[in-house]
Q: 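Sharing a structure, written as structure tokens. Questions coming.
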Protein chains: 2
Amino acid sequence: MSLRYAMLGLLADEPASGYDLLRRFNDSLANVWPATQSQVYGELAKLADSGLTTVGEEGPRGRKEYAITDEGRAELRRWLLEVPVQRSRRNDILLRVFFLGTVSPDEARGFFERAVRNVTAYEDELRAVEKETEWGDGPLAVYGRIALEWGLRFTAMHREWAEWARTIVPEE
Amino acid sequence: MSLRYAMLGLLADEPASGYDLLRRFNDSLANVWPATQSQVYGELAKLADSGLTTVGEEGPRGRKEYAITDEGRAELRRWLLEVPVQRSRRNDILLRVFFLGTVSPDEARGFFERAVRNVTAYEDELRAVEKETEWGDGPLAVYGRIALEWGLRFTAMHREWAEWARTIVPEE
DNA sequence: CGCAACATGTAAACGGTTACATGATTCA
DNA sequence: TGAATCATGTAACCGTTTACATGTTGCG
């Protein structure tokens, strides 16, 4: 259900085509809300149906430009400020940790070592995003930075946890 | 796809019926991999079909007890040690942060204040789990503790981040 | 000319949620 | 006897992924 709000959020900045939105999902939003081509075009049609966006005339190559309506802005605002945030409930790595008792202590330590390597790689990716992003000075500069900071704090926490966990795996 | 492994993991400890498993999903696994009744019974049938479990004779009230097979244990082990862990990609709160530029600074600060309250409530829940759990001394005591520790570190990190973010929201 | 990029759409499959439906057993 | 618990199953729907399918425009 958040996909539609992600799209409204992008359209709140400026009108765009499905193709434009798709690029933004792959660039800026890839780490917080990925979306496929199939999804974007589908939701775009529904959004226009429900009056939250309007479709402009067809441009070259059948390009359709969508713009957010006042109703769409109101709906985006309602989602941001009133709809409860839902925390993601499923956690693949913790599920596996629960069953680590079925493998040997050495293998369990290997599991946590791999976790450290994986999260370190992700940390590097985020540092690269930090460096390569043109931060400008609009609101997105501030809020994009806040989101990135979450990622950096998360990866640090996760790495430290895995390092600690490795040390407390019982010897047989 | 992880549901089947969660079920194999539970069955690796001891044989159980769908009803038994359901209770364990609601108790111990609720915070890492929730599952519905509908899902459990469906997957149980598939698991038996593919030879990863066996069905015992029907007990009272049509109860069917499932046991993991050697093939099932091998598959569980393969998943634990060889299948790459996938990090969850979607993050509701960060998606919203991206669009906070569309509301006023006061409202943005309110957003982070609510985030602090929500995460504090979750932190309290985890502390309650910590207190109320009978930790015993099997492997689940160790690995359950490690998983819980992740939750405590996560909530602490998230709370500190939201507190910090609140202070750096620009004044208009 | 040919290729990359632009541009849109549909269908099948999958995992998960919600709701419906039914019946047996235990115990107060 | 009536309520709570035990116990299983199915159907409809929703959001997401993967794959298929097609056509246009700009540029070297």
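Naming: A, B, ... by sequence-line order, numbering from 1 per chain. Only heavy atoms go into these numbers, but all of them, side chains included; no hydrogens, no water, no symmetry mates.
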Q: Over how many whole Å does the gap from Leu95(B) atom CG to dG15(D) atom C1' extend?
A: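 From Leu95(B) CG to dG15(D) C1': 15 Å.
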
Q: Give the intermediate values and the outcome of salt bridge (charged side-chain N to carboxylate O under 4.0 Å, His left out) for residues Arg166(B) and Glu163(B).
A: CA-CA 5 Å; Arg166(B) 192 206 152 277; Glu163(B) 281 162 353; over 6 Å; no

Q: For salt bridge (charged side-chain N to carboxylate O under 4.0 Å, His left out), just list the numbers for Glu149(B) and Arg145(B), CA-CA rounded to whole Å, side-chain angles, deciding distance to a tenth of an Å, and then say yes or no.
A: CA-CA 6 Å; Glu149(B) 177 68 20; Arg145(B) 264 292 316 171; 3.2 Å; yes

Q: Heavy-atom distance under 4.5 Å between the side chains of Ile146(B) and Ile168(A), does that happen here?
A: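 Side chain of Ile146(B) against side chain of Ile168(A), heavy atoms only: contact under 4.5 Å found.
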
Q: Check nucleotides 26-28 of chain D against the protein and report each pair of N or O atoms closer than 3.5 Å, with its distance, or say if there are none.
A:
none

Q: Parallel, tilted or perpendicular, judged at 30° and 60°: which one describes the rings of Tyr143(A) and Phe112(B)?
A: parallel

Q: What is the separation between atom CZ on Arg4(A) and atom C1' on dC14(D), rounded to the nearest whole Å?
A: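 Going from CZ in Arg4(A) over to C1' in dC14(D) covers 13 Å.
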
Q: With a 4.5 Å cut-off on side-chain heavy-atom distances among I, L, V, M, F, W and Y, is there a chain of contacts connecting Val169(A) to Val85(B)?
A: yes

Q: Could you please spell out the steps behind the salt bridge (charged side-chain N to carboxylate O under 4.0 Å, His left out) verdict for Asp20(B) and Arg24(B)?
A: CA-CA 7 Å; Asp20(B) 293 337; Arg24(B) 291 190 219 170; 5.0 Å; no

Q: Tell me whether Asp27(A) at atom CG has more than 12 heavy atoms from other residues, nucleotides or ligands lying less than 6.0 Å away.
A: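 Yes.
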
Q: Please determine whether salt bridge (charged side-chain N to carboxylate O under 4.0 Å, His left out) holds for the pair Arg109(A) and Asp106(A), giving the CA-CA distance in whole Å, both sets of side-chain angles, and the decisive distance to 0.1 Å.
A: CA-CA 5 Å; Arg109(A) 275 186 290 269; Asp106(A) 269 0; 2.8 Å; yes

Q: Write down the distance between CD (Glu43(B)) and P (dT8(D)), rounded to a whole number of angstrom.
A: 15 Å

Q: Quickly work out the Phe25(B) CZ to dA7(D) P distance and round it to whole Å.
A: 17 Å

Q: Once you round it to whole Å, what is the distance between C1' of dA13(C) and NZ of Lys46(B)?
A: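 To the nearest whole Å, that distance equals 11 Å.
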
Q: Separation of Gln86(A) atom CD from dG15(D) atom P, in whole Å?
A: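 From Gln86(A) CD to dG15(D) P: 11 Å.
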
Q: Pairs in or reaching into residues 36-59 of chain A: which pass salt bridge (Lys or Arg N to Asp or Glu O under 4.0 Å), with residues at least two apart or in two chains?
A: Arg4(A)-Glu43(A)

Q: If you round to the nearest 0.5 Å, how far is CZ of Arg90(B) from CG of Leu29(A)?
A: 10.5 Å

Q: So which of residues 7-23 of chain B are in contact with DNA chain D, with a heavy-atom cut-off of under 4.0 Å?
A: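 Under 4.0 Å from DNA chain D: Ser17(B), Gly18(B), Tyr19(B).
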
Q: With a 4.0 Å cut-off on heavy atoms, is Arg90(B) in touch with a base, just the backbone sugar-phosphate, or nothing at all?
A: sugar-phosphate

Q: Just the rounded figure in Å: distance from P of dT16(D) to CG of Leu29(A).
A: 13 Å

Q: Whether Arg87(B) engages the ring of Tyr122(A) as a cation-pi pair (distance to the six-membered ring centre under 6.0 angstrom, angle to the ring normal within 45°) should be assessed.
A: yes

Q: Need the bend value for the helix from dC1(C)-dG28(D) to dA28(C)-dT1(D): angle between end axes, 5 pairs each end, nearest 10°.
A: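 Roughly 10° between the end axes, to the nearest 10°.
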
Q: Rounded to the nearest angstrom, tell me the gap between atom CE in Met1(B) and atom P in dG16(C).
A: 8 Å

Q: If a pair satisfies ring-ring contact (aromatic ring centres under 6.0 Å, His included) and one of its residues is in residues 48-72 of chain B, list it, with sequence neighbours excluded.
A: none

Q: Would you compute the distance between atom CG of Leu52(B) and atom CG of Leu8(B) and round it to the nearest 0.5 angstrom?
A: 5.5 Å

Q: To the nearest 0.5 angstrom, please state how far the CD atom of Glu75(B) sits from the CH2 atom of Trp79(B).
A: 10.5 Å

Q: Show each protein N/O and nucleotides 9-12 of chain D N/O combination with a separation under 3.5 Å, one pair to a line.
A:
unit_1	atom_1	unit_2	atom_2	d
dG9(D)	OP1	Lys64(B)	NZ	2.3
dG9(D)	N7	Gln37(B)	NE2	3.3
dG9(D)	O6	Gln37(B)	OE1	3.2
dG9(D)	O6	Gln37(B)	NE2	3.1
dT10(D)	O4	Ser38(B)	OG	3.0
dA11(D)	N6	Ser38(B)	OG	2.9

